[in-house]
Amino acid sequence: MTLEGDQALRPLLDVIRIDANLTGTKEGCRSGECGACMVLVADATGTKGVNSCIYAAAQVHGKRVFTIEGLGTADSLHPVQRAMVESRSAQCGFCTPGIVMAQIAARISAACDEGSTEIDVQAALAGNLCRCTGYRPIIDAARACRTVPLSGVELEKPSDQPTNPLLCRGQSTTVYAPADLPSLLELRRQHPDAVLLAGGTDLITAWRRSMAYPPQVVVLGQVGELAQIKWTDHALIIGAGVTVARAVRCLISEWPEAAGYLRRFGSPAINAVATVAGNLQTASPVGDLAPLLMALSASLMVKSTVTHRQLSLPEYFSGNRATVLAADEVVIAVHLPRRPPAFHLFAYKTAKRFDQDIAAVTLAGSFVNDGGTLRHVVIGAGGLANRPARASAVESVLENHAFDTARIEEAIAALAEDFQPIDDVRGSSTYRTQLAGNLLRKMRLEYTGAGLTNLWQ
Ligand SMILES: Cc1cc2nc3c(=O)[nH]c(=O)nc-3n(C[C@H](O)[C@H](O)[C@H](O)COP(=O)(O)OP(=O)(O)OC[C@H]3O[C@@H](n4cnc5c(N)ncnc54)[C@H](O)[C@@H]3O)c2cc1C
Ligand code: FES
Ligand code: FES
């Protein structure tokens, strides 16, 4: 299918349902939260499940899209569809196509296979809501799907990769899709006002709210250099366009303590497309990656046709949803020093719901234990200021001291020097300050090995 001009930024869901008249894919929340619109998208790197309501048509340029109609027929169901029927997982069936897609995506990504636990099965469906059946039969089907063979059709890849940098010129919007970093930087130089579209999970919901598209958009998905992950002896370098799902796997391999925290990022369909740089560039005060990456002493590598800078994370955020990135610059990677000996890391996200919720407060802390004395203390926090920030007064209280009860109470008192949180729907100022203090206490208790109940486990 070819889309002309201004059509390229429309949600893929509308192209599927309205233009292609394939109405098996459903529309629910239209904001990436219910999974009813999920389809499979395949490119040379593999197949993944995406929420088509927050995926622009331009993002599937040169890719293959599988809707529910392409998987099986009433006479010959796809094995996952059959498992759903056999477990009686549908009443109205509105959520069913999305749930089938989520289960296939989980099989392909190995998030669910024969070794998967009950928690893995439920995590694979965290982004799919059902309004009427009830989850027990759906989870029964998901359990059965751990071992059913896939049909193979969903693994077919497109044969060639597009290389043409200009994708679409319409009356009010021009969309570019550069194929490599030099072309991207050159486009950025020529069009500093153009909006960079990475996973689109933030931008496309914003465009829907404002009901307007920007005049120039640069789609980043084909820039291979941004999707690379490199390990050196001293650092882990995660490309700006690496998805949250891939980044989480590397982060957990070096810092397994972060697994519980990262498990609460989005849903599989969000994490399959949301990117690391997209998360940081939104500079959301409650974005999940920033506090953790601060505690890991991350810096951002930023480039234009003439500059190449490396910026530490706190200095990158300049205000509420603002960064120091210049108009002609692009974030190209996140640089993380590898774990030193005796390094300790703690990371906490507090939100009203376990899955798919925006945090009230996040806190991540790290230090090196030098014979009982804390060195190189870093505390990153979200939800306490107008941007993700480091708690420098708390860090000074803890630095070069033993981590004892008196010291932690002094550190909690220092929180007031670092932050004066606001009241909003997710928590009052008093609640947020008290919560942050309790998270510091929890950090010490975990460090000393005190028995704490982990409700998730
Ligand atoms: C249902 C749902 C659940 C979510 N859950 C979470 C969650 O649990 N935790 C959380 O922190 N966030 C969450 N988010 C927010 C969002 O998904 C993330 O912030 C995501 O990482 C944004 O990445 P993206 O690639 O989709 O960004 P995009 O929407 O493509 O872009 C976001 C911003 O980053 C800029 N940008 C992207 N790449 C670059 C680059 N290389 N250089 C310079 N600028 C760049 C864009 O121009 C834009 O300004 C959620 C969103 C949705 C819709
Ligand atoms: S319609 Fe709900 S996630 Fe797309
Ligand atoms: S079966 Fe009706 S919404 Fe799930």
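For the numbers below, each heavy atom of this structure counts, side chains included, while hydrogens, waters and symmetry mates do not. In listed order, ligands and their atoms are each counted from 1. It should be emphasised that the depicted structure is a prediction, and the values quoted were computed from it without experimental measurement.
- At under 3.5 Å, not a single nitrogen or oxygen of Ser31, backbone or side chain, sits near a nitrogen or oxygen of ligand 1.
- Atom 1 (C) of ligand 1 has Gly32 O, 3.3 Å as its closest protein atom, hydrogens excluded (heavy atom only).
- Heavy-atom contacts of Ala198 reach the following atoms of ligand 1: 25 (O), 30 (O), 37 (C), 38 (N) (cutoff under 4.0 Å).
- Looking at ligand 1, you won't find any N or O of Val330 less than 3.5 Å from one of its N or O atoms.
- Looking at Glu329 next to ligand 1, no N or O pair under 3.5 Å apart turns up.
- Contacts with ligand 1 closer than 4.0 Å are made by side-chain heavy atoms of Ala240 only, the backbone lying farther away.
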Q.
Between Thr174 and Gln216, does the side chain to side chain donor-acceptor pair (under 3.5 Å) criterion hold? Intermediate values first, please.
A. CA-CA 5 Å; Thr174 303; Gln216 287 174 325; 5.4 Å; no
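- Residue pairs meeting the ring pair (Phe, Tyr, Trp, His ring centres under 6.0 Å) criterion with at least one member in residues 178-209, sequence neighbours excluded: Tyr176-His191, Trp207-Tyr213.
- Among protein heavy atoms, the minimum distance from atom 8 (O) of ligand 1 is reached at Gly266 N, 2.8 Å.
- Looking only at atom types and distance, the side chain of Ser304 has a donor-acceptor partner in the side chain of Thr307 under 3.5 Å away.
- In this comparison of Leu184, Leu300, Val331, the heavy atom closest to atom 42 (N) of ligand 1 sits on Val331.
- Ordered by chain and number, Cys95 SG, Cys130 SG make up the set of protein N, O or S atoms under 2.8 Å of atom 4 (Fe) of ligand 3.
- The stretch residues 270-280 participates, sequence neighbours left out, in no side chain to side chain donor-acceptor pair (under 3.5 Å) pair at all.
- Short contacts between ligand 1 and Lys349, defined as distances under 4.0 Å to a heavy atom of the residue, involve ligand atoms 8 (O).
- Residue contacts with ligand 1, taken as heavy atom pairs separated by less than 4.0 Å, do not involve Gln59 at all.
- Atom numbering of ligand 1 starts at 1 in the shown order; those under 4.0 Å from a heavy atom of Glu33 are 1 (C).
- Of the candidates Asp424, Thr350, Asp423, Asp424 is the only one forming a side chain to side chain donor-acceptor pair (under 3.5 Å) with Arg432.
- Close N/O approach between Thr205 and ligand 1 is not found [any backbone or side-chain N/O within under 3.5 Å].
- Ion pair Glu315/Arg390 not flagged as a salt bridge, since none of the NZ, NE, NH1 or NH2 atoms sits closer than 4.0 Å to an Asp/Glu carboxylate oxygen.
- Taking only nitrogen or oxygen atoms, main chain and side chain alike, Thr201 reaches within less than 3.5 Å of ligand 1.
- Donor-acceptor pairing under 3.5 Å is recorded for the side chains of Thr45 and Asp43.
- For Leu197, no nitrogen or oxygen atom sits less than 3.5 Å from a nitrogen or oxygen atom of ligand 1, counting backbone and side chain alike.
- At least one N/O-N/O distance between Asn279 and ligand 1 falls below 3.5 Å.
- For atom 4 (Fe) of ligand 2, the tally of protein N/O/S atoms lying closer than 2.8 Å stands at 2.
- An N or O contact shorter than 3.5 Å links Gly200 to ligand 1 by distance.
- Between Leu196, Leu203, Thr362, it is Leu196 that holds the heavy atom closest to atom 47 (O) of ligand 1.
- Shown in contact with Gly199 at under 4.0 Å from a heavy atom are these atoms of ligand 1, numbered in order with element: 24 (P), 25 (O), 26 (O), 30 (O).
- Residues Arg188 and Asp193 are not paired through a salt bridge, judged by the lack of any N-O separation under 4.0 Å between the basic side chain and the carboxylate.
- The option with the heavy atom closest to atom 15 (C) of ligand 1, from among Asp202, Ile270, Leu280, Ile54, is Asp202.
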